[in-house]
Amino acid sequence: MDVPLLKSELNYKYVRSSGSGGQHVNKVSSKAELYFDLKSSLVFNDDEKQKLSEFFNNRLNKDGVLILACDESRSQFRNKALVTQRFLELIQEGLKENKKRISTRVPRSVKRKRLKAKRINADKKANRKPPTLE
């Protein structure tokens, strides 16, 4: 993955943060919004784009654009760095190959232990019943 090329495809927009903060928050656009168009990206091949679109299926809008926002800091520069770092981590997670699970055989001792526990429980319940008189 070519990180500098990927960063060059990102678009940023700065808006005013929501919430309390007094006069400062009302006049400074410190919230950073990151826009990434997955469909027109040149960094990823078709297979990677397919995998990422499945990974981001709930986060992409109808145009195939991923939007991430950050307003944790009061600094616009810090918010831009945080949202970019979060984006790169999400991309790495989306491209990660899942390990194929190798099914293993259940050991004989585990089966024996389970059946013994079932027998003990069954005997315990059987002993609660009143004896039958014949």
Side-chain angles (χ1 to χ4, degrees):
M1 179 171 68
D2 190 9
V3 176
L5 182 61
L6 182 61
K7 284 184 178 180
S8 69
E9 291 184 350
L10 301 178
N11 294 317
Y12 295 95
K13 183 178 173 186
Y14 302 101
V15 294
R16 293 188 185 137
S17 293
S18 61
S20 60
Q23 294 175 348
H24 180 73
V25 78
N26 295 330
K27 60 187 178 184
V28 178
S29 298
S30 60
K31 180 178 181 180
E33 291 183 347
L34 178 142
Y35 294 87
F36 176 68
D37 190 2
L38 183 61
K39 290 180 181 176
S40 64
S41 175
L42 302 173
V43 177
F44 305 112
N45 59 32
D46 292 334
D47 295 333
E48 291 172 333
K49 285 182 184 180
Q50 177 65 30
K51 191 170 187 176
L52 285 173
S53 65
E54 289 172 8
F55 181 74
F56 290 128
N57 63 350
N58 294 332
R59 294 180 183 219
L60 294 175
N61 64 11
K62 60 185 174 189
D63 300 326
V65 177
L66 174 69
I67 303 172
L68 297 175
C70 180
D71 60 351
E72 295 172 17
S73 175
R74 296 175 78 178
S75 165
Q76 186 184 85
F77 180 77
R78 180 79 178 123
N79 283 333
K80 180 181 176 182
L82 286 171
V83 77
T84 305
Q85 182 64 35
R86 192 177 306 146
F87 169 74
L88 292 174
E89 289 171 1
L90 283 171
I91 292 291
Q92 285 179 343
E93 189 177 337
L95 291 176
K96 187 170 51 175
E97 288 291 328
N98 294 334
K99 290 184 180 178
K100 188 173 182 180
R101 185 186 179 281
I102 301 170
S103 59
T104 58
R105 192 175 57 85
V106 179
R108 191 177 298 144
S109 62
V110 173
K111 290 180 185 177
R112 224 180 286 131
K113 184 178 176 183
R114 180 179 54 85
L115 293 174
K116 183 179 178 186
K118 282 179 71 171
R119 183 80 259 150
I120 290 171
N121 204 26
D123 291 341
K124 186 192 312 178
K125 291 182 181 224
N127 289 334
R128 291 180 187 160
K129 294 178 183 176
T132 56
L133 300 174
E134 291 184 35

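Please read these numbers as outputs of a predicted model, since none were measured by experiment.
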Quick check: is Leu95 connected to Leu34 through a chain of hydrophobic side chains (ILVMFWY, heavy atoms under 4.5 Å apart)?
yes
Value for CZ (Phe87) from NZ (Lys7), rounded to nearest 0.5 Å, stands at 10.5 Å
Surrounding CG of Asp46 (heavy atoms of other residues, nucleotides or ligands, distance under 6.0 Å), is the total greater than 12?
no
If hydrophobic clusters are built by linking Ile, Leu, Val, Met, Phe, Trp and Tyr wherever their side-chain heavy atoms come under 4.5 Å apart, do Leu66 and Val15 end up in the same one?
no
Would you compute the distance between atom NZ of Lys39 and atom CG of Leu52 and round it to the nearest 0.5 angstrom?
14.0 Å
Do Glu9 side-chain atoms and Phe36 backbone N/O form a donor-acceptor pair below 3.5 Å?
no
Distance (rounded to the nearest 0.5 Å) between Arg78 CZ and Ser30 OG:
13.5 Å
Linking I/L/V/M/F/W/Y whenever any side-chain heavy atoms sit under 4.5 Å apart, do Val28 and Leu82 land together?
no
Check whether any side-chain heavy atom of Lys51 sits under 4.5 Å from a side-chain heavy atom of Glu48, and report yes or no.
no
Within-4.5 Å side-chain heavy-atom neighbours: Leu90 and Leu68
yes
Examine distances only and state if a side-chain atom of Asp63 and a backbone atom of Val65 form a donor-acceptor pair shorter than 3.5 Å.
no
With sequence neighbours excluded, tell me which residues meet ring pair (Phe, Tyr, Trp, His ring centres under 6.0 Å) with Phe44.
none
Which heavy atom of Ser53 sits nearest to which heavy atom of Gln50, and what is that distance?
OG-O, 2.8 Å
Is the closest side-chain heavy-atom distance between Asn61 and Ile67 below 4.5 Å?
yes
Please check if the side chain of Ser8 supplies one atom and the backbone of Leu5 the other of a donor-acceptor pair under 3.5 Å.
yes
Do the non-hydrogen side-chain atoms of Phe56 and Ile91 ever get within less than 4.5 Å of each other?
yes
Tell me, yes or no, whether the heavy-atom count around Arg86 atom CZ, taken from other residues, nucleotides or ligands under 6.0 Å, exceeds 12.
yes
Hey, is Arg119 close enough to Asp123 for a salt bridge, meaning N to O under 4.0 Å?
yes
Measure the CD-OH distance between Glu33 and Tyr12 for me, rounded to the nearest 0.5 Å.
12.5 Å
Interatomic distance, OG1@Thr84 vs CG@Asn79, rounded to 0.5 Å, equals 10.5 Å
Reported CG-to-NZ distance for the pair Asn98 and Lys96, which is rounded to 0.5 angstrom:
7.5 Å
Are side-chain heavy atoms of Leu6 and Leu88 found at a separation under 4.5 Å?
yes
Here the pair of heavy atoms bringing Lys31 nearest to Ala69 is CE-CB, 3.8 Å
